[in-house]
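As structure tokens, the structure follows; a few thoughts come after it.
Treat the numbers as computed from the prediction; the structure is a model and nothing was measured. In what follows, chains are A, B, ... by sequence order, proteins preceding strands, each numbered from 1.
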Number of protein chains: 2
Amino acid sequence: MNAPLRVSPGPAPPGLLTVMKGQCGDCNTGGLCLSTGLDSGSKMRFDRLVGQHRRIAAGDTLYRTGQPLRSLYALRCGFFKIRRPGPAGDQITGFPMAGELLGLEAVGTGIHQSDAIALEDSIVCELPFAALERLFEDIPGLHRRFYRLMSCEINREQHLMLLLGHMRAEQRMATFLADMGAAYAARGYSPAQFQLRMSREDIGSYLGLTIESISRLLGRFTKLGLITVDKRAVVLTDPQRIAEMASGFSPCSPMV
Amino acid sequence: MNAPLRVSPGPAPPGLLTVMKGQCGDCNTGGLCLSTGLDSGSKMRFDRLVGQHRRIAAGDTLYRTGQPLRSLYALRCGFFKIRRPGPAGDQITGFPMAGELLGLEAVGTGIHQSDAIALEDSIVCELPFAALERLFEDIPGLHRRFYRLMSCEINREQHLMLLLGHMRAEQRMATFLADMGAAYAARGYSPAQFQLRMSREDIGSYLGLTIESISRLLGRFTKLGLITVDKRAVVLTDPQRIAEMASGFSPCSPMV
DNA sequence: CGTGCGCTTGATAGAAATCAATGTCAGTGG
DNA sequence: CCACTGACATTGATTTCTATCAAGCGCACG
């Protein structure tokens with residue numbers, strides 16, 4: 001990771017995202033994809049599996065709760081939110097970014113258990129699940145990589161359970177900001193300066209707080225000199241103290 | 001499921017649990033185990049994999065946060081709690097029962113991310129992970145079964161995230177009671193009459209509430225005629241209204 | 001220029017936490 | 001046999017945090 005840190009861009013100007021028809025070799029998701037670590041022969045076969053690169057416009061839905069699982073989706077570039085309907089209102093369970101794999105919650109039942117909604121114009125690699133399962137038999141490292149990714153997802157969610165179950169609002173927000181920074185950092189962007197792609201309402205649902213609380217917390221953090229906020233552009237001016245408030249976060253990346 | 005419903009037993013008298021040396025064929029976990037659905041030949045090989053049946057006394061720890069993953073554990077009989085340490089106090093992330101697979105959170109990193117503590121004298125089948133991974137290559141259905149289980153675990157946790165993020169205390173408790181009933185029902189016990197194996201404190205940590213709130217909620221539910229409680233023995237006298245309060249729970253069991 | 005959406009800010013209410021005291025019971029040892 | 005202890009649980013009084021209610025702002029868009 002020696003490239004200079006970039007600030008994560010704002011919303012893409014419409015029309016910029018012409019179809020990228022490259023293969024996995026061109027992929028810039030930087031070691032986060034399912035295919036990472038495969039030898040070149042296996043990678044070619046994995047390439048052939050990828051049905052197509054689908055372009056999803058901001059606001060569009062990739063899959064919905066109740067739909068049968070056809071494909072998993074590797075997020076090539078863009079930004080999603082995952083929404084799970086529940087008896088007490090919907091919950092946002094995650095904000096996947098480039099390189100992440102979408103749809104794992106459907107593998108157990110064959111039915112999607114949540115909605116995936118693009119927060120900006122995005123491109124996904126479609127991985128037909130039946131074909132992927134067949135490929136597991138042939139490519140030795142792939143299925144290992146697959147269930148390790150799932151285990152990491154389990155950890156991500158347990159991290160969130162901790163947040164929702166045992167943190168107060170302030171600590172939740174600090175954790176959220178720190179996590180976002182870490183996610184950007186993992187992709188070569190600045191960990192301290194980024195665009196929020198989601199609305200305050202989405203953040204609220206994600207953190208188990210109301211939109212008003214989110215607003216107040218951002219205001220309070222600003223007054224404390226921890227951050228500056230301008231609409232959805234955030235700068236962590238004191239990342240260390242934010243990390244201290246969040247205190248104890250450790251990301252989970254799979255062994256390759 | 002035609003056997004008459006039994007009431008889940010209280011704590012086992014000490015000394016009752018002599019070592020059960022049977023193979024998977026004798027196992028009474030009823031289709032919840034990893035080996036379910038294998039043909040008899042594969043089952044035999046799976047049998048050989050099972051290193052030993054370890055007896056874990058109530059209060060003892062099966063694995064701890066930070067330890068390297070050596071084995072997964074299929075819970076043959078007994079009851080555990082899973083505790084995840086966090087910056088804002090520990091969180092109980094689950095109460096696995098007979099038939100469930102313990103240790104999946106460690107698969108991604110190779111390091112355990114939580115503690116598994118027996119709530120009563122239990123017996124686990126030890127599945128050395130390296131050997132299990134080798135077996136995946138040979139037994140076609142096993143690997144599929146494995147990652148479907150993991151996907152179900154993801155769903156279980158998202159269900160909990162919903163609970164912690166968007167439900168009020170009363171609804172959380174109703175959901176907990178309904179879920180416990182369902183878990184017993186899936187094992188052939190009465191869904192409306194069971195022993196809680198965990199302390200109020202454990203329930204509180206699990207539901208993101210204090211021990212006092214748990215106590216008050218149980219009291220309130222009793223006054224409302226929904227349940228009767230005597231120490232840790234619970235009877236759901238109005239399971240339907242409890243289900244309505246929880247409203248919308250659907251368990252996730254893998255396609256075999 | 002209005003209209004609507006996303007966001008902020010203030011006042012108030014309410015749910016659960018916290019603080020504090022008491023109760024119950026199993027186990028222990030005098 | 002009974003008093004003592006400690007873990008676990010219940011109950012009440014009070015505080016605190018966050019939700020809720022309400023109003024207004026700013027900006028994009030038709």
Side-chain angles (χ1 to χ4, degrees), chain A residues 10-14 58-59 81 88-92 117 119-120 163-177 195-224 227-234 245, chain B residues 10-14 58-59 81 88-92 117 119-120 163-177 195-224 227-234 245:
Chain A
K81 68 176 173 187
D90 298 351
Q91 168 107 8
I92 303 293
I117 299 152
L119 288 175
E120 60 179 35
L163 180 147
L164 293 168
H166 283 280
M167 291 185 189
R168 340 189 123 294
E170 198 172 79
Q171 197 178 8
R172 293 187 203 190
M173 178 57 81
T175 303
F176 172 70
L177 293 172
Q195 287 279 338
L196 296 173
R197 302 315 213 285
M198 70 297 286
S199 69
R200 305 288 195 262
E201 188 168 4
D202 289 335
I203 301 175
S205 173
Y206 182 67
L207 298 180
L209 300 168
T210 60
I211 180 175
E212 294 97 328
S213 290
I214 300 300
S215 200
R216 278 187 252 270
L217 284 164
L218 290 175
R220 200 191 308 169
F221 279 28
T222 302
K223 278 207 189 87
L224 290 171
I227 62 175
T228 65
V229 188
D230 177 28
K231 308 216 195 301
R232 295 190 178 179
V234 175
M245 287 172 75
Chain B
K81 68 176 173 186
D90 298 351
Q91 168 106 10
I92 302 293
I117 299 152
L119 288 175
E120 59 179 38
L163 180 147
L164 293 169
H166 284 278
M167 290 185 189
R168 352 189 109 279
E170 198 172 78
Q171 197 179 6
R172 294 186 203 189
M173 178 57 81
T175 302
F176 172 71
L177 293 172
Q195 287 280 337
L196 297 174
R197 303 315 212 286
M198 71 296 286
S199 68
R200 305 289 195 262
E201 189 168 4
D202 288 335
I203 301 175
S205 173
Y206 182 68
L207 297 180
L209 300 169
T210 59
I211 180 175
E212 294 96 329
S213 291
I214 301 300
S215 200
R216 277 186 252 269
L217 283 164
L218 290 175
R220 201 190 310 168
F221 279 28
T222 302
K223 278 207 188 87
L224 289 171
I227 61 175
T228 64
V229 188
D230 177 29
K231 309 217 196 300
R232 296 190 176 179
V234 175
M245 287 173 74

Would you give me the side-chain donor-acceptor pairs under 3.5 Å for residues 209-216 of chain B, sequence neighbours excluded?
| from | atom 1 | to | atom 2 | distance (Å) |
| --- | --- | --- | --- | --- |
| B:Thr210 | OG1 | B:Ser213 | N | 3.3 |
| B:Thr210 | OG1 | B:Ser213 | OG | 3.2 |

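As judged by a 4.0 angstrom heavy-atom cut-off over every strand, A:Ser199 is placed among residues touching the sugar-phosphate backbone only. In this structure, B:Arg232 reaches the sugar-phosphate backbone alone: every heavy-atom distance under 4.0 Å involves primed, P, OP1 or OP2 atoms, never a base.
In this structure, CG of A:Leu196 is placed 13 Å from C1' of C:dC7, rounded to the nearest angstrom. Nucleotide C:dG6 holds its P atom 15 Å from the CE atom of A:Met198, rounded to whole Å. For the pair B:His166 NE2 and D:dA19 P, the interatomic distance rounds to 10 Å; values are reported in whole Å. Taking atom CD1 of residue B:Ile203 and atom C1' of nucleotide D:dC8, one finds them 12 Å apart after rounding to whole Å. Taking atom CD1 of residue B:Ile211 and atom P of nucleotide D:dT11, one finds them 13 Å apart after rounding to whole Å. B:Asp230 places its CG atom 12 Å from the P atom of D:dA9, with the value rounded to the nearest Å. Following rounding to the nearest Å, B:Leu218 (CG) and D:dT11 (P) show an atom-to-atom distance of 10 Å. For A:Gln171 and D:dC17, the CD to P distance is 14 Å, given to the nearest whole Å.
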Quiz prompt | Summary of protein contacts for nucleotides 16-21 of chain C, nucleotide by nucleotide, where a base hit scores B, a sugar-phosphate-only hit scores S (4.0 Å, heavy atoms) | solution = SSBBB-

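Not a single donor-acceptor pair under 3.5 Å links the side chain of B:Ser205 to the backbone N or O of B:Glu201.
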Quiz item: Passes side chain to side chain contact (heavy atoms under 4.5 Å, CB included), A:Asp90 versus B:His166? Steps please.
Solution: CA-CA 8 Å; A:Asp90 298 351; B:His166 284 278; over 6 Å; no

Quiz item: B:Glu120 and B:Arg197: side chain to side chain contact (heavy atoms under 4.5 Å, CB included), yes or no, with the steps?
Solution: CA-CA 7 Å; B:Glu120 59 179 38; B:Arg197 303 315 212 286; 2.7 Å; yes

Self-check item: side chain to side chain contact (heavy atoms under 4.5 Å, CB included) assessment of A:Arg220 paired with A:Glu170
Solution: CA-CA 9 Å; A:Arg220 200 191 308 169; A:Glu170 198 172 79; 2.8 Å; yes

Practice problem: With side chain to side chain contact (heavy atoms under 4.5 Å, CB included) as the test, would you mind laying out the steps for A:Leu164 and A:Arg172 before giving the verdict? | Solution: CA-CA 8 Å; A:Leu164 293 168; A:Arg172 293 187 203 190; 4.0 Å; yes

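Taking the side chain as every heavy atom from C-beta outward, A:Leu196 and A:Phe176 approach each other to under 4.5 Å. Contact of the A:Arg232 side chain with the A:Arg200 side chain is registered, since non-hydrogen atoms from C-beta on lie closer than 4.5 Å.
Shortest non-hydrogen contact noted between A:Met245 and A:Phe221 is CE-CZ, 3.5 Å.
When the C1' atoms of four end pairs are superposed on the next four at each end of the helix from C:dC1-D:dG30 to C:dG30-D:dC1, using five pairs per end, the two resulting axes differ in direction by 20°, to 10°.
Contact check, B:Lys231 against C:dC25: a side-chain N or O comes under 4.0 Å of OP1 or OP2.
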